[in-house]
Amino acid sequence: MRITALVENQSNCDLKPTHGLSLYIETEKHKLLFDLGPDQTLFKNAQKKGISLEEVDTVVISHGHMDHGGALEHFLEINHRAKIYIQRKAFEPHYSKLLCFRIPVGLSGKWKESGQIVLLDGDYTVDEELRLFIVPETRKCHSIANDVLYTKNGCDNFLHEHNLLISEKKKVLIMGCGHAGVVNILEKVKNEKPKYCIGGYHLMNPVFGKTIPEALLLEIAAELKKYPGMRFYTCHCTGKRAYEYLQSRVVDMNYLSCGETLVAE
């Protein structure tokens, strides 16, 4: 299994970084995109890496925020075969609160009627290789960086967010922002014993650049230590300070930046 970051906040190569996420994943049976990023960055970076997005057969949009699905319209223009899996609630309005203002950060609902879109209402098995799941229980190690995010009904409960478990020789857990909390997400699939955990942890407020308190970081680190042998690759919304803190305390904590490829074997 090969996992390449095509959209990510940081880049150590000639690929353009931007605030968002898109992972190109080649499995035994699929050419898959996990998230699409916010804009044209995905398509420009894929071209530089020699990756044909027209050949992608499966897309997972992790949740209803623009930095993960904003490029959906253009993707539909160039790819007419991929099934695109997304929670139905992801097309509902979503906001980020700034002072007393609510700023729209959601996806355009006009694409949910596309024949390529598969609207989900909870957990879903694509095939023997791919399984999507939501995490309703989010109280453990709650990240206060989530507290500025809203739906039309109030504080976001992130039931529009699903995660991907890939089952091959090794099982790989893929998250978008991990709004439900990496600790809660891992607990949901701990009996599956994934060997890799990849994705953002949302431990920083992207508007103000403020990292969650150190006491909470220490609590998260203690929970992650309960998974000896797991390889962690974080990115996107974790934040530099939070990543460095976790990396100093958790064995095999790594960063997956734009343009880098991970071979899960």
Side-chain angles (χ1 to χ4, degrees), residues 2-11 13-27 30-96 103-120 124 126 130 132 149 160-164 166 174-177 179 198-200 202 206 235-237 256-261:
R2 294 174 60 85
I3 303 164
T4 300
L6 290 179
V7 177
E8 208 280 315
N9 298 39
Q10 301 182 38
S11 177
C13 62
D14 64 338
L15 268 62
K16 175 187 175 183
T18 195
H19 180 81
L21 185 67
S22 181
L23 304 177
Y24 174 71
I25 305 171
E26 291 184 340
T27 70
H30 294 285
K31 291 183 178 179
L32 180 150
L33 280 174
F34 185 91
D35 285 336
L36 299 172
D39 51 28
Q40 296 290 315
T41 303
L42 167 64
F43 310 99
K44 295 175 181 177
N45 285 348
Q47 185 176 34
K48 287 184 178 180
K49 293 291 287 186
I51 293 173
S52 173
L53 299 183
E54 291 84 351
E55 296 180 6
V56 168
D57 60 79
T58 304
V59 175
V60 173
I61 297 180
S62 63
H63 61 293
H65 289 167
M66 181 65 68
D67 51 335
H68 294 259
L72 176 59
E73 178 177 3
H74 186 55
F75 180 82
L76 289 170
E77 291 174 355
I78 68 165
N79 184 303
H80 306 290
R81 64 191 293 264
K83 291 293 184 182
I84 301 167
Y85 297 91
I86 184 169
Q87 291 294 316
R88 191 182 306 274
K89 292 179 181 292
F91 283 115
E92 295 177 355
H94 294 90
Y95 307 93
S96 177
I103 302 168
V105 295
L107 306 177
S108 172
K110 72 178 184 177
W111 304 113
K112 67 180 180 180
E113 301 302 329
S114 165
Q116 292 176 246
I117 299 289
V118 181
L119 295 173
L120 306 179
Y124 184 80
V126 178
L130 308 177
L132 299 164
L149 297 170
H160 60 100
E161 176 188 66
H162 55 199
N163 310 279
L164 173 65
I166 306 176
I174 309 285
M175 308 179 300
C177 276
H179 287 292
I198 302 166
H202 204 73
C235 55
H236 178 46
C237 55
L256 184 65
S257 62
C258 190
E260 292 182 340
T261 297

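Start at 1 with the first residue, then count along the sequence. Computed from a prediction, not measured in an experiment: that's the story for all the values here. We use all heavy atoms of the structure for the numbers below, so side chains are in, but hydrogens, waters and symmetry mates are not.
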If every non-hydrogen atom of [X] is compared with every non-hydrogen atom of [Y], which pair is closest and at what distance?
{"X": "Glu260", "Y": "Leu256", "result": "OE1-CA, 3.6 Å"}
{"X": "Tyr85", "Y": "Leu132", "result": "CB-CD1, 3.7 Å"}
{"X": "Glu8", "Y": "Leu21", "result": "CG-CD1, 4.4 Å"}
{"X": "Asp39", "Y": "Ala71", "result": "O-CB, 3.3 Å"}
{"X": "Ala5", "Y": "Leu15", "result": "O-CD2, 4.4 Å"}
{"X": "Cys258", "Y": "Asn45", "result": "SG-ND2, 3.5 Å"}

- Message: Check whether Asn79 reaches the backbone of Arg81 with its side chain - one donor and one acceptor, N or O, closer than 3.5 Å.
- Response: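 Indeed, once roles are kept as given, a pair shorter than 3.5 Å links the two residues.
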- Donor-acceptor under 3.5 Å (Thr4 side chain, Leu6 main chain):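 No, the answer is negative, given that no donor and acceptor are paired below the 3.5 Å cut-off.
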- Apply the test side chain to side chain contact (heavy atoms under 4.5 Å, CB included) to residues Val60 and His162: give CA-CA distance (whole Å), side-chain angles for both, the deciding distance (0.1 Å), then the verdict. CA-CA 9 Å; Val60 173; His162 55 199; 3.6 Å; yes
Please round to the nearest 0.5 Å and tell me the distance separating atom [atom1] of [X] and atom [atom2] of [Y].
{"X": "Asp67", "Y": "Cys177", "atom1": "CG", "atom2": "SG", "answer": "5.5 Å"}
{"X": "Asp57", "Y": "Lys31", "atom1": "CG", "atom2": "NZ", "answer": "8.5 Å"}
{"X": "Ile61", "Y": "Leu36", "atom1": "CD1", "atom2": "CG", "answer": "4.5 Å"}
{"X": "Asn163", "Y": "His63", "atom1": "CG", "atom2": "NE2", "answer": "10.0 Å"}
{"X": "Glu26", "Y": "Ile3", "atom1": "CD", "atom2": "CD1", "answer": "10.5 Å"}
{"X": "Thr261", "Y": "Leu23", "atom1": "OG1", "atom2": "CG", "answer": "10.5 Å"}

With a 6.0 Å cut-off (strictly less than), is the heavy-atom count around [atom1] of [X], excluding the residue itself, greater than 12?
{"X": "Lys48", "atom1": "NZ", "value": "yes"}
{"X": "Lys49", "atom1": "NZ", "value": "yes"}
{"X": "Gln40", "atom1": "CD", "value": "yes"}

- Message: According to side-chain hydrogen bond (donor to acceptor under 3.5 Å, both in side chains), who are the partners of Ser22, at least two apart in sequence or on a separate chain?
- Response: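 Here no residue qualifies.
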- Side chains of Gln116 and Ser114: do they bring a donor and an acceptor to under 3.5 Å?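 The criterion, which ignores hydrogens and geometry beyond distance, is not satisfied for Ser114 and Gln116.
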- Sole candidate of His68, His202, His179 that passes ring pair (Phe, Tyr, Trp, His ring centres under 6.0 Å) when paired with His236: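 Between His236 and the candidates, ring pair (Phe, Tyr, Trp, His ring centres under 6.0 Å) is satisfied uniquely by His68.
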I'd like to check [X] versus [Y] (side-chain heavy atoms, cut-off strictly below 4.5 Å). Are they in contact?
{"X": "Leu33", "Y": "Leu53", "value": "yes"}
{"X": "His19", "Y": "Asn9", "value": "yes"}
{"X": "Phe34", "Y": "Ile198", "value": "no"}
{"X": "Leu32", "Y": "Val59", "value": "no"}
{"X": "Leu107", "Y": "Leu72", "value": "no"}
{"X": "Arg88", "Y": "Lys112", "value": "no"}

- Show your reasoning for whether side chain to side chain contact (heavy atoms under 4.5 Å, CB included) applies to Trp111 and Ile84. CA-CA 11 Å; Trp111 304 113; Ile84 301 167; over 6 Å; no
- Item | side chain to side chain contact (heavy atoms under 4.5 Å, CB included) assessment of His65 paired with Leu149 | CA-CA 10 Å; His65 289 167; Leu149 297 170; 3.9 Å; yes
